[in-house]
Amino acid sequence: MEEAANPTSEVSQNQTIYINNLNEKIKIDELKKSLYAVFSQFGKILEVLAFKTLKHKGQAWVVFDDASSAANALRQMQEFPFYEKPMRIQYAKTKSDVVAKADGSFVPRDKRKRHDDRGKKRRDLNDANQAGSGVNYPGAYGATPLSQMQYMAGTKLIVPEAPAPPNNILFVQNLPHETTPMMLQMLFSQYDGFKEVRMVETKPGIAFVEYGDEMRSTMAMQGLQGFKIMPQNPMVITYAKK
């Protein structure tokens, strides 16, 4: 699962993007959920891959349902500050297992290994100096696709009896219980005037997001209304009551 060290090397457009320069201090589960949160705005995500192994630290793969979604994500999220570090994004060099299974080109890992071992022996016998080329897949480690993971349902919606008047503070509902302030900050800070996110520990599933003025908070509300941090949790955003 190794990617080219040179991000400018020619790699054909495909459904999987490779991300490096990620903050290595972030726990894997939180990293996956945060990546899903920021990249799901570009299209359906089939899986997010990140691993604890030393050689894969600071790296991740996001597999989209189609190449155009991957292209938009690569273009718009290049250098995006993710946990205080700019993301470096390029297309993955190889096809993920979930995509290979869909298009019929998937070969089980144990068969690939036996085939590669036999090929290596033949090459060694024929020419000891001939280098072999391995095949690596982003889905190589049996990670459960994020789309198949079960998440806790969001809190019951608290819909105000009457719409609140415009406010520079937004009230966000129906968030997955796993949502962190950093996830929301990465989403809402894309809009000018962002100031802070406030969550209430005793009331999971809701948050308050503050902007410099009502115009900027309105733009953020319109842009992220219905955004799904997790597939079954579309955000419900209203003005906070004054």
Side-chain angles (χ1 to χ4, degrees), residues 7 17-45 48 50 58-62 64 69-90 146 151 154-155 164 166-201 203-231 233-242:
I17 56 173
Y18 165 66
I19 310 162
N20 64 6
N21 197 45
L22 296 173
N23 193 323
E24 297 179 8
K25 296 179 181 179
I26 308 303
K27 293 182 179 180
I28 292 297
D29 287 345
E30 182 180 346
L31 178 66
K32 286 183 177 180
K33 291 170 185 174
S34 297
L35 287 170
Y36 189 97
V38 297
F39 281 103
S40 60
Q41 61 185 301
F42 300 104
K44 181 181 179 182
I45 292 176
V48 175
Q59 305 170 67
W61 289 259
V62 178
F64 288 94
S69 296
N72 288 333
L74 187 152
R75 183 175 61 254
Q76 296 187 42
M77 297 299 286
Q78 192 72 261
E79 302 292 329
F80 180 81
F82 188 77
Y83 288 106
E84 302 179 348
K85 295 187 69 176
M87 288 193 285
R88 310 274 192 256
I89 310 174
Q90 63 187 94
L146 194 68
Y151 295 99
T155 56
N167 192 344
N168 66 310
I169 299 176
L170 300 176
F171 178 46
V172 187
Q173 306 172 74
N174 200 38
L175 297 170
H177 287 192
E178 299 90 346
T179 304
T180 65
M182 181 59 74
M183 289 183 191
L184 293 177
Q185 180 178 324
M186 287 186 292
L187 286 173
F188 284 91
S189 65
Q190 299 176 75
Y191 295 88
D192 291 339
F194 171 82
K195 295 184 71 174
E196 66 173 341
V197 168
R198 296 192 295 274
M199 299 188 75
V200 184
E201 290 186 10
K203 295 183 178 180
I206 66 171
F208 295 90
V209 182
E210 183 176 353
Y211 283 86
D213 56 50
E214 296 172 0
M215 182 181 71
R216 289 177 170 83
S217 66
T218 300
M219 291 179 64
M221 178 171 65
Q222 292 173 348
L224 290 171
Q225 189 71 263
F227 180 86
K228 296 179 181 179
I229 290 182
M230 297 301 171
N233 290 89
M235 278 196 278
V236 176
I237 308 174
T238 56
Y239 295 114
K241 290 183 177 180
K242 293 185 178 180

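Only this structure's heavy atoms are used, side chains among them; waters, hydrogens and symmetry mates stay out. Quick caveat, the model's predicted, so the values are computed rather than measured.
- With hydrogens and angles disregarded, no donor-acceptor distance shorter than 3.5 Å links the side chain of N20 to the backbone of Q59.
- For the ring-ring contact (aromatic ring centres under 6.0 Å, His included) test, residues two or more places apart in sequence or in another chain that qualify with F208 are F171.
- Here the side chains of M183 and L175 are not in contact, with every heavy-atom distance at 4.5 Å or above.
- Considering every non-hydrogen atom in both A50 and A60, the closest pair reads CB-CB, 4.2 Å.
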Notebook entry, point to check: Can M182 and S34 be said to form a side-chain contact (heavy atoms from CB on, under 4.5 Å), step by step?
Noted result: CA-CA 8 Å; M182 181 59 74; S34 297; 5.7 Å; no
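- With values rounded to the nearest 0.5 angstrom, K203 atom NZ is found 11.0 Å from Q173 atom CD.
- Considering only residues two or more places apart in sequence or on other chains, K85 meets the side chain to side chain contact (heavy atoms under 4.5 Å, CB included) condition with N21, N23.
- Contact record, I17 with A70: CG2-O, 3.8 Å, taken as the closest heavy-atom pair.
- For the side chain to side chain donor-acceptor pair (under 3.5 Å) test, no residue two or more places apart in sequence or in another chain qualifies with S40.
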Distance-only criterion, 3.5 Å: show the donor-acceptor pairs between side-chain atoms of residues 215-222 and protein atoms not counting sequence neighbours.
residue : atom : partner : partner atom : Å
R216    : NH1  : D213    : OD2          : 2.6
S217    : OG   : N167    : O            : 2.7
S217    : OG   : E214    : O            : 2.9
T218    : OG1  : E214    : O            : 2.7
T218    : OG1  : Y239    : OH           : 2.6

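- Shown here for M235 and L224, the closest heavy-atom pair between the two residues is CE-O, 4.0 Å.
- Closest approach of L22 to M87, counting heavy atoms only: CD2-CG, 3.9 Å.
- For residues 180-193, there are no side chain to side chain donor-acceptor pair (under 3.5 Å) pairs, not counting sequence neighbours.
- Side-chain atoms of T179 come within 3.5 Å of backbone atoms of P176 as a donor-acceptor pair (strictly under, hydrogens ignored).
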Next item on the list: For the pair F42 and V62, evaluate side-chain contact (heavy atoms from CB on, under 4.5 Å) and give the outcome as yes or no after the intermediate values.
Entry: CA-CA 11 Å; F42 300 104; V62 178; over 6 Å; no
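- The CD atom of E178 lies 12.5 Å from the OH atom of Y36; values are rounded to the nearest 0.5 Å.
- By the salt bridge (Lys or Arg N to Asp or Glu O under 4.0 Å) test, E196 pairs with R198, sequence neighbours left out.
- Residues S69 and G43 share a closest heavy-atom pair of OG-CA, 3.7 Å.
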Donor-acceptor list for residues 71-82 side chains, cut-off 3.5 Å, not counting sequence neighbours:
residue : atom : partner : partner atom : Å
N72     : OD1  : R75     : NH2          : 2.5
N72     : ND2  : S68     : O            : 3.4
Q78     : OE1  : I89     : N            : 2.7
Q78     : NE2  : I89     : O            : 2.8
E79     : OE1  : R88     : NH1          : 2.7
E79     : OE2  : R88     : NH1          : 3.1

Item checked: Stepwise side-chain contact (heavy atoms from CB on, under 4.5 Å) test for W61 and V48 -> CA-CA 6 Å; W61 289 259; V48 175; over 6 Å; no
Notebook entry, point to check: Checking side-chain contact (heavy atoms from CB on, under 4.5 Å) for the pair V197/V172: CA distance, chi angles, key distance, verdict?
Noted result: CA-CA 10 Å; V197 168; V172 187; over 6 Å; no
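- Contact between G226 and P234 at its shortest, heavy atoms only, is O-CB, 3.6 Å.
- Remark: K27 pairs with no residue by the side chain to side chain donor-acceptor pair (under 3.5 Å) rule, at least two apart or across chains.
- I229 is listed as a side-chain neighbour of L184, based on a closest heavy-atom distance under 4.5 Å.
- Take K195 and apply the salt bridge (Lys or Arg N to Asp or Glu O under 4.0 Å) test, not counting sequence neighbours, and it matches E210.
- With sequence neighbours left out, E201 forms a salt bridge (Lys or Arg N to Asp or Glu O under 4.0 Å) with no residue at all.
- By the side chain to side chain donor-acceptor pair (under 3.5 Å) test, E30 pairs with Y83, sequence neighbours left out.
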